[in-house]
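Have a look at the structure below, then the notes.
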Amino acid sequence: MDIRKLYINGEWVESEGHEYIDIENPDTHEIFAQVPRGNKDDVDKAVRAARAAFETWQYTPLEQRTALMEKVVNGLESRRQDLIETITKELGSPYKVSAEVHTDPFILEAKHYIKVAKNFPYEERRQTSVVVREPVGVVGGLTPWNFPLEQIEKKVVPALLAGNCVVLKPSQFTPMTAYILAEEIDKAGYPAGVFNLVTGRGGEVGDALAAHPDVDMISFTGSTDAGRAVAIKGLSNIKKLALELGGKSAAIFLKGGDWENGVNGVLETVMLNGGQTCNALTRMLVPEDETGKIEEILKRKAAEYHFGPLNDPQTTLGPLASRKQFDRVRKYIETGISEGARLLIGEVPEDNGSYNVKPVIFCDVTPDMVIAREEIFGPVLVVLTYKTVEEAIEIANDSIYGLAGAVYGPEKEANETARKMKTGTVYVNEGQWDEASPFGGYKQSGLGREGGIEGYEEFLEIKTIYDK
């Protein structure tokens, strides 16, 4: 593996542009690596390799495809320590979070995708036909920086298992995890061209992939604005699209619920990973006449999150991923104060060169405020109040987004409320994520699903053969 090269057609090759991107450790600000700044010519070379490989790869027996992926997943599992340390270094994530949030769940999910592939009904007899599901073709994977392994795994693993060829462009900020995957794919013995890695900037490599006439599908994860731009380019030649986009997810606290558990659940999504999580529960809706009780729990629980050495298992907070991200979050905190929201905890972070942002909780927030409507992508929680459950549901659904949500309250009422939320996933009380279930959003939170059998189906086309 040579991180100053691209992986195209089964070989580590120089970029056509011979330029490089610095990779910064957000914690130390050290430039610890450089990767190629790929360009349109590199994309074209990778797509040609993938297109040629697809001619035979699509007919490779399922048993061979799953056996190769099992080798890759076993390789990732054996390199768990490398993955954890790499994610800690390139994302600035505390070691414990890199292990338990970024690595272990998605090795598990990759194993589940193999099970799905083995048991998937690729052919189904209807009245006078056979409905066949077959690979889409060449898939362009565009992944974000905030979950370096997860978002690569959710695209590359099911796409290859389904018989597609892949050109992957990881985030320019966190590309190192992708190199570990590429090395394991190379070691597993995949045919040349089936998987290709082209690093670079989104506006260069990403745009070239999205617009390329020989790419059949784009699977993108990122902001809604970026996803819209990718979709426009992809639809210029009617590609299949899978888009996992932004969120401003609401957690509704019902009277009579376990609010200690609820606050724990909300803060885990908002504070872990520095709030840089698309499905973070960043809007907290509480009964108007019980705000005092909620605020006391919030202050007590938020105090448990703290900075420290990233390799210390007690450290729960790390820096934001970049200077750009720090400036963005800082501006939103200033906006919240100017809008009249009350700071329960936190402050405007000092511009002292660090990317650290202490947890911020705003109270006295109204639904029309910018901080209640736009995705901040930092450790910032806004608390809104409601008079009736119907009003809470209305506030929760009053968003351009619909990615995730939660309800904490008496079981029957909580489940009834969850069914009225217009969002792709909802956690009820102590409900937990599992690798067999789909993830994705309503409205401007995206198109399609990742995870589970539904996430596998995204990488298949449907053909009907009328044979009698």
Salt bridge present between E374 and K248 (N-O < 4.0 angstrom): no
Side chain to side chain donor-acceptor pair (under 3.5 Å) partners for R133, two or more places apart: none
Pair W57 and Y190, ring centroids less than 6.0 Å apart: yes
Residue pairs passing the salt bridge (Lys or Arg N to Asp or Glu O under 4.0 Å) test with at least one member in residues 348-357, sequence neighbours excluded, are R323-D351
In plain terms, say whether D216 and R51 are close enough for a salt bridge, that is, a side-chain N and a carboxylate O under 4.0 Å apart. yes
Contacts of V357 that satisfy side-chain contact (heavy atoms from CB on, under 4.5 Å) - sequence neighbours left out: L320, F326, V329, I333, P349, P379
Donor-acceptor pair, T86 side chain versus T177 backbone, under 3.5 Å? no
Salt bridge (Lys or Arg N to Asp or Glu O under 4.0 Å): pairs with one or both residues in residues 218-227, sequence neighbours excluded: D225-R228
Which residues pass the side-chain contact (heavy atoms from CB on, under 4.5 Å) test with T315, not counting sequence neighbours? P94, P309, D312
Could you tell me whether the side chain of D327 and the main chain of K324 form a donor-acceptor pair under 3.5 Å? no
Within the structure provided, determine whether L381 and L267 are in side-chain contact (heavy-atom separation under 4.5 Å). yes
Check whether S171 reaches the backbone of P144 with its side chain - one donor and one acceptor, N or O, closer than 3.5 Å. no
With ring pair (Phe, Tyr, Trp, His ring centres under 6.0 Å) as the rule and sequence neighbours excluded, what pairs involving residues 26-49 come up? H29-Y355
Among residues at least two apart in sequence or on other chains, which ones pass salt bridge (charged side-chain N to carboxylate O under 4.0 Å, His left out) with D82? R79
Between N9 (side chain) and A49 (backbone), is there a donor-acceptor pair under 3.5 Å? no
Strictly below 4.0 Å, N to O, side chains only: are E334 and R330 in salt-bridge contact? yes
Looking at L245, N279, T224, which hits side chain to side chain contact (heavy atoms under 4.5 Å, CB included) with L403? N279
In short, side chain to side chain donor-acceptor pair (under 3.5 Å) pairs touching residues 61-73 with sequence neighbours left out are E70-K118
Spell out, as yes or no, whether a donor-acceptor pair under 3.5 Å connects the side chain of K240 to the backbone of L460. yes
Pairs flagged by salt bridge (Lys or Arg N to Asp or Glu O under 4.0 Å) wherever residues 93-114 is involved - sequence neighbours left out: E77-K111, R80-D104, K96-E100, E109-K154
For the side chain of R283 and the backbone of L384, is there at least one donor-acceptor N/O pair under 3.5 Å apart? no
Backbone of K40 reached by a side-chain donor or acceptor of H212 within 3.5 Å: no
Sidechain N-carboxylate O distance under 4.0 Å for K45, D41: no
Can you list every pair that meets ring pair (Phe, Tyr, Trp, His ring centres under 6.0 Å) and has a residue in residues 72-93, with sequence neighbours left out? none
Identify, with sequence neighbours excluded, every residue that meets side-chain contact (heavy atoms from CB on, under 4.5 Å) alongside E430. N261
Salt-bridge test for E184 and K187: reply yes if a basic N is under 4.0 Å from a carboxylate O, no otherwise. yes
Side chain of N273, backbone of N146: donor and acceptor closer than 3.5 Å? yes
With no hydrogens and no angle check, do the side chains of T221 and T143 hold a donor and an acceptor under 3.5 Å apart? no
For the student: nearest non-hydrogen atoms of P175 and E90, plus distance: N-OE1, 3.3 Å
Quick check against the 3.5 Å criterion: does S223 have a side-chain atom that pairs as donor or acceptor with the backbone of A226? yes
Kindly state each residue pair satisfying side chain to side chain donor-acceptor pair (under 3.5 Å) with at least one member in residues 197-209, sequence neighbours excluded. R37-E204
Should E450 and K155 count as an ion pair when the cut-off is N to O under 4.0 Å? yes
